[in-house]
Structure formats: C-alpha cells, structure tokens
Amino acid sequence: MSVPFTKEMKKDYTILIPNMSPIHFEIMKAPFALNGYKCILLNNTSHNVIEEGLRYVHNDMCYPALLVIGQMIDAIKRGIADPNKCALIITQTGGGCRASNYYYLLVKALEKAGYPQIPVISLNFQGMNSNPGFKITLPILAQAFTGLLYGDMLMMLSHQVRPYEKNKGETDKLVKAWQEKLTSLYMNNRGYFGSNLKKNFNKMSDDFKAIEVKDEKKVKVGVVGEIYMKYAPLGNNNLEAFLEEEGCEVMLPPMLGFFLYGFSNSIKDNEYYGRKPLYAFFMKHIALPYLQTYEKAMANALERNGFKSPALLKDLQKNADGIIDTGCKMGEGWLLTAEMVELIEKGYSNIVCTQPFGCLPNHIVAKGMIRPLKEKYPLSNIVPIDYDPSATRVNQENRIKLMLAVARENLNTK
C-alpha cells in the first residue's frame, strides 16, 4: 500500500499530474488549485520517459501505464518536484481493464525507484484506496466537468481551423488565450458555469470563426482508440501534428463522449444483469439527461458558425446498432466502434485507430470491427496502429502514409 496523502500534506505538498491531453488538462488542473491543491501538469516528453517506464514497469503491461509511470518518475529524477514534498495522482477505473491496476503498478515502481515515501492518490469514484487529504467534492467534480467541456470545445474548434488558417500559429495563440482566460475564471470562482458556460461556448465559436482561412480541400482523418493513446501526444508520437504536416484535417471525438458512455453502461448493466437498479434509474432519468444538456449546448455553439459538432450519446448508441452490442463495455467498448461510424458518416472515412500493443478490448472493438464496417461503408479506409516501446515511429508513420495515399486517391476521384 502507498503512504496515505494526509490533510496536513495538502498544505505544502505538490501533486504531479500526468498529461493525457494538453488542451483539456491545462484547464482541468485549475479547479484543483481553486480548492487548495498545489499541482504541476507534467510536460516532460523525452525518450527518457519510456526508458524510466521500462525500468520500473514490466514491458508486457499496458503501454499507457508504462508512459504515465515513466513520466512521473522521470519528473522526480529531473527535480521538477521535491520527492519529500510531492504526491502523485493516477486514475483507477475499478473495471476489468488493466487500467484498474495502474495505481498498484505505480506504488511498486516508486518502491523500486527508491521513493517509497511518496504518496499515490487514486482518482476514482468507487472509494478505492482513499486518502484523507484528497477528496473529490461536488464542487470539484462540477468544476472539472466544465473544464472537460471547455477542453473538448477548444480541441474541436482548433482541429477544424488550424489546417486552413492563413496566418500560421493564429489558432494555437487563440487556444492559449482561452486557456488563460478560463484559468482566470476558475481562480476567481466565477463566470464559468451555467448560462456563463453557454455564453463562453458561443464566444469561443465566434472567435475561431473570425480566424482567416483558405478555401481548399484536404484529406479528412479521424482518430479513435484507447483513451490515452487517442489524446496523448506522448502516447501516439504526436499523431495529430504528423497528420496536419501531411496536409490533413484531423477529427478527434470529444472526451465527453467517453464519460457519458461510462455512465450509460450502468443502465445496460441493469437491463442485462439486474445490477444496481437505483443507480441505473438515477443515471437514466436524472444524471444523463442533465449532462446531455451541456452536450447539446456544445453542439449548438459549434453549429452556429458552421463547424461540425460531435454526435450526441443517443446517436452514438444508434451507430452501434447492427454492428456491436451496447453491452460490450470493456475498455472503450461499443463507443469506439460507434465513433468510427460517426466519423465515416461525417466525411472522415480515413481513420487511424490507436491502440496499445496487446490491448484485447481494442483488438475486438476496433480491429475486429473493420470488416463489418467495410461491408457497410465500402469507402471506409481504416488503419489500426499498435503503440509499444519496441514499435518504431518510422514504421507507424509509414503505415499511416499508405492509408493517406489511398485517401488522396479517393479525394481526387470525387
């Protein structure tokens, strides 16, 4: 067991946060600072991160675990934080995925690395491995949720503008400006929730619409996969930047979809197995309908300026019909297949599926679904890419380039 993170530690300990999505997490760390936690979002991404991960995590384990743990230990060794005055935080799903074991892998890795005194905070909603000094309160939960929404909004807007901008770098400057503005709103604890959130969505959409763009056709590429590999540049070797350098427009489904998918699974569990009827009732009739109002607000703000909006949860569930059962919920489950259908139907029929090598759920719900998708959508052009310490970046990019060659041929024949 890890050393507990006590109430006394909250005063002068710094919590290191692994970086899964630079846009989202830069915003989402602000609510924790607002509630009295000192946090550092890790941005160390050198090859040494992989080396540290391999040193303290068995290479048969899930690649995201190796990267997250490697990033934390590398940060400590680099002196980013005092090992006697810092704590680490990591998610723990509680489900059947190997991600449930990341917490224990990190505790073991710290012991091997000579840092047994460092507390490890488990971020979960099942009450596992609790720490007295770190509590997920309702305000933190609500604030972090809005941060997730803002991150999704900025991600989707930047993806649809950056490839076409006339003045290079203008999109990234606007993303940074909005991150700073939102952080300021959180630190002042005002102007980021309720009707203000919808106003901010609309202002974001208007600001990105004002960026001058070129009128040109580009290959459109969707990215799906295991959640860390999909969003983390460290995990997917800066896939988004590589695709944009190749002259593509990239579309990533919003992170919100993954969380709504997770909540909706409790309804299916009750329907199939009779589990937790009260919890399923709460999710079906109270929580999900409320959360989906923000899903709709995001879609409305994007569509007001002609941007493509993400599919709503109910539409994603329909996408799975006839292809995969919505009771399939291990890892990214039916959602991953449904997202591929969404991307194809929105014109992003060229899809890169990012998966950790040996990830059984992804091999079923991603690679295993290529054939039925090809039968339903003959022009779909899907390439699964395995990520692993032994997989070379050159090999991965060459496979993607082959997919893009087909994509360009299809684009030119339209």
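On a predicted model such as this, the values are computed, not experimentally measured, just so you know. We count residues from 1, following the sequence as given. These numbers come from the heavy atoms of this one structure, side chains and all, not from hydrogens, waters or symmetry mates.
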Check: Going through the distances and angles, do E244 and H159 end up as a side-chain hydrogen bond (donor to acceptor under 3.5 Å, both in side chains)?
Finding: CA-CA 9 Å; E244 289 187 355; H159 284 166; 5.2 Å; no
Next item on the list: Could you check I90 against L123 for side-chain contact (heavy atoms from CB on, under 4.5 Å), going step by step and ending with a plain yes or no?
Entry: CA-CA 6 Å; I90 195 163; L123 184 59; over 6 Å; no
Notebook entry, point to check: Is there a donor-acceptor pair closer than 3.5 Å between any side-chain N or O of Y56 and the backbone N or O of L66?
Noted result: no
Notebook entry, point to check: About how many Å separate CG of L182 and CG of L185, when rounded to the nearest 0.5 Å?
Noted result: 6.0 Å
Next item on the list: Just do the salt bridge (Lys or Arg N to Asp or Glu O under 4.0 Å) check on K173 and E170 with the steps written out, would you?
Entry: CA-CA 5 Å; K173 284 180 184 176; E170 200 171 348; over 6 Å; no
Check: Do you know which two heavy atoms are closest between E332 and Y261, and how far apart they sit?
Finding: C-OH, 3.2 Å
Notebook entry, point to check: In Å and rounded to the nearest 0.5 Å, what is the CG to OG distance from L234 to S21?
Noted result: 12.5 Å
Margin query: Does this structure show an ion pair linking E271 with K268, if we count only N-O contacts that are shorter than 4.0 Å?
Written below: yes
Next item on the list: State, without any angle test, whether D386 and Q355 hold a side-chain donor-acceptor pair at a distance under 3.5 Å.
Entry: yes
Next item on the list: Return yes if some donor-acceptor pair links the side-chain N/O of N237 with the main-chain N/O of L239 below 3.5 Å, else return no.
Entry: no
Check: Would you say the side chains of S46 and N48 form a donor-acceptor pair under 3.5 Å?
Finding: no
Margin query: Between K346 and E339 (salt bridge meaning N to carboxylate O under 4.0 Å), is one present in this structure?
Written below: no
Margin query: Is it the case that over 12 heavy atoms from other parts of the model lie below 6.0 angstrom from the CD atom of E216?
Written below: yes
Notebook entry, point to check: So does D172 pair up with K176, basic N to acidic O under 4.0 Å?
Noted result: no
Next item on the list: Give the ring-plane orientation class for Y150 versus F201, where under 30° counts as parallel, over 60° as perpendicular and anything between as tilted.
Entry: perpendicular
Notebook entry, point to check: Just by modelled atom types, is the I267 backbone N or O under 3.5 Å from a matching donor or acceptor in the K276 side chain?
Noted result: no
Notebook entry, point to check: Should T354 and V224 count as side-chain neighbours, where that means a heavy-atom distance under 4.5 Å?
Noted result: no
Item checked: Sequence-distant partners of K85, salt bridge (Lys or Arg N to Asp or Glu O under 4.0 Å), two or more places apart -> D12
Notebook entry, point to check: Got L110 and L88 here, is their nearest side-chain heavy-atom distance under 4.5 Å?
Noted result: yes
Notebook entry, point to check: Any ion pair linking K218 and E246 (charged N to carboxylate O, less than 4.0 Å)?
Noted result: no
Item checked: Non-hydrogen atoms of P22 and Q179 that approach each other most closely -> O-NE2, 3.6 Å
Notebook entry, point to check: How many angstroms lie between atom OH of Y377 and atom CD1 of I344, to the nearest 0.5 angstrom?
Noted result: 6.5 Å
Next item on the list: Would you confirm whether N131, through its side chain, and P4, through its main-chain N or O, come within 3.5 Å as a donor-acceptor pair?
Entry: no
Check: With a 4.5 Å limit on heavy-atom distance, are the side chains of K308 and E303 in contact?
Finding: no
Note to self: Side chains of L302 and F208, heavy atoms from C-beta outward: is any pair under 4.5 Å?
What the structure shows: no
Margin query: Take a 6.0 Å sphere around NZ of K108 and say whether it holds more than 12 heavy atoms from other residues, nucleotides or ligands.
Written below: no
Notebook entry, point to check: Counting only N and O atoms by type, is there a donor-acceptor contact under 3.5 Å from the side chain of N200 to the main-chain atoms of N196?
Noted result: yes
Notebook entry, point to check: Parallel, tilted or perpendicular for F281 and H285, by the 30°/60° rule?
Noted result: tilted
Notebook entry, point to check: Ignoring hydrogens and geometry, is there a side-chain-to-backbone donor-acceptor pair from R162 to L157 under 3.5 Å?
Noted result: no
Notebook entry, point to check: Is there a donor-acceptor pair under 3.5 Å between the side chain of S264 and the backbone N or O of L313?
Noted result: no
Next item on the list: Any chance you could measure Q317, atom CD, to D315, atom CG, to the nearest 0.5 Å?
Entry: 9.0 Å
Checklist line | Stepwise side-chain contact (heavy atoms from CB on, under 4.5 Å) check, F263 with N265 | finding: CA-CA 5 Å; F263 293 143; N265 285 335; over 6 Å; no
Checklist line | Nearest heavy-atom neighbours spanning V161 and F307 | finding: CG2-CE2, 3.6 Å
Check: Do the side chains of L312 and L316 get nearer than 4.5 Å, heavy atoms only?
Finding: no
Next item on the list: Please report the shortest heavy-atom distance between M155 and P254, naming the atom on each side.
Entry: CE-CA, 3.9 Å
Check: So does E8 pair up with K11, basic N to acidic O under 4.0 Å?
Finding: no
Checklist line | salt_bridge(E397, K401) N-O dist < 4.0 Å | finding: no
Note to self: I'd like to know whether D206 forms a salt bridge (Lys or Arg N to Asp or Glu O under 4.0 Å) with R304, so could you lay out the CA-CA distance, the side-chain angles of the two residues, the decisive distance to 0.1 Å, and finally the verdict.
What the structure shows: CA-CA 9 Å; D206 293 346; R304 74 188 249 129; 3.0 Å; yes
Notebook entry, point to check: Cut-off 3.5 Å, side chains only: do N35 and Y186 have a donor facing an acceptor?
Noted result: no
Next item on the list: Under the side-chain hydrogen bond (donor to acceptor under 3.5 Å, both in side chains) rule, what do Y348 and N381 come out as? Steps first, then yes or no, please.
Entry: CA-CA 9 Å; Y348 298 81; N381 181 22; over 6 Å; no
Check: Is atom CD1 of I286 surrounded by more than 12 heavy atoms (other residues, nucleotides or ligands) closer than 6.0 Å?
Finding: yes
Checklist line | Note, Q143 side chain near Y192 side chain (heavy atom, < 4.5 Å) | finding: yes
Check: Within 45° of the six-membered ring axis of F5 and under 6.0 Å from that ring's centre, is NZ or CZ of K10 located there?
Finding: no
Item checked: NZ/K135: more than 12 non-hydrogen atoms of other groups inside 6.0 Å -> yes
Next item on the list: For A87 and Y13, work out which heavy atoms get closest and say how close.
Entry: N-CD2, 4.2 Å
Note to self: Under 3.5 Å, is there a donor on one side chain and an acceptor on the other for N319 and W334?
What the structure shows: no
Notebook entry, point to check: Looking at P64 and Y102, what are the two nearest heavy atoms and their distance?
Noted result: CB-OH, 3.5 Å
Note to self: Walk me through whether M72 and L106 qualify under side-chain contact (heavy atoms from CB on, under 4.5 Å).
What the structure shows: CA-CA 9 Å; M72 289 178 167; L106 178 54; 3.6 Å; yes
Notebook entry, point to check: Say you draw a straight line from CG of D269 to CZ of R275; how long is it, rounded to the nearest 0.5 Å?
Noted result: 5.0 Å
Next item on the list: Please lay out, stage by stage, how N305 and S205 fare under the test side-chain hydrogen bond (donor to acceptor under 3.5 Å, both in side chains).
Entry: CA-CA 7 Å; N305 283 308; S205 181; 2.7 Å; yes
Margin query: Looking at E226 and K230, is any side-chain nitrogen of the basic one under 4.0 Å from a carboxylate oxygen of the acidic one?
Written below: no
Next item on the list: May I ask you to decide if L154's main-chain N or O and S158's side chain share a donor-acceptor pair within less than 3.5 Å?
Entry: yes
Margin query: Please evaluate residues N236 and V352 with respect to the criterion side-chain contact (heavy atoms from CB on, under 4.5 Å), reporting the C-alpha separation (whole Å), side-chain torsions for both, the decisive distance (0.1 Å), and the verdict.
Written below: CA-CA 11 Å; N236 60 37; V352 179; over 6 Å; no
Check: Is there a donor-acceptor pair closer than 3.5 Å between any side-chain N or O of D152 and the backbone N or O of L256?
Finding: yes
Note to self: Within this structure, what is the CG-CD distance for the pair N238 and E245, rounded to the nearest 0.5 Å?
What the structure shows: 8.5 Å
Notebook entry, point to check: Is N188 reaching over with its side chain to a backbone N or O of R190, donor-acceptor style, under 3.5 angstrom?
Noted result: no
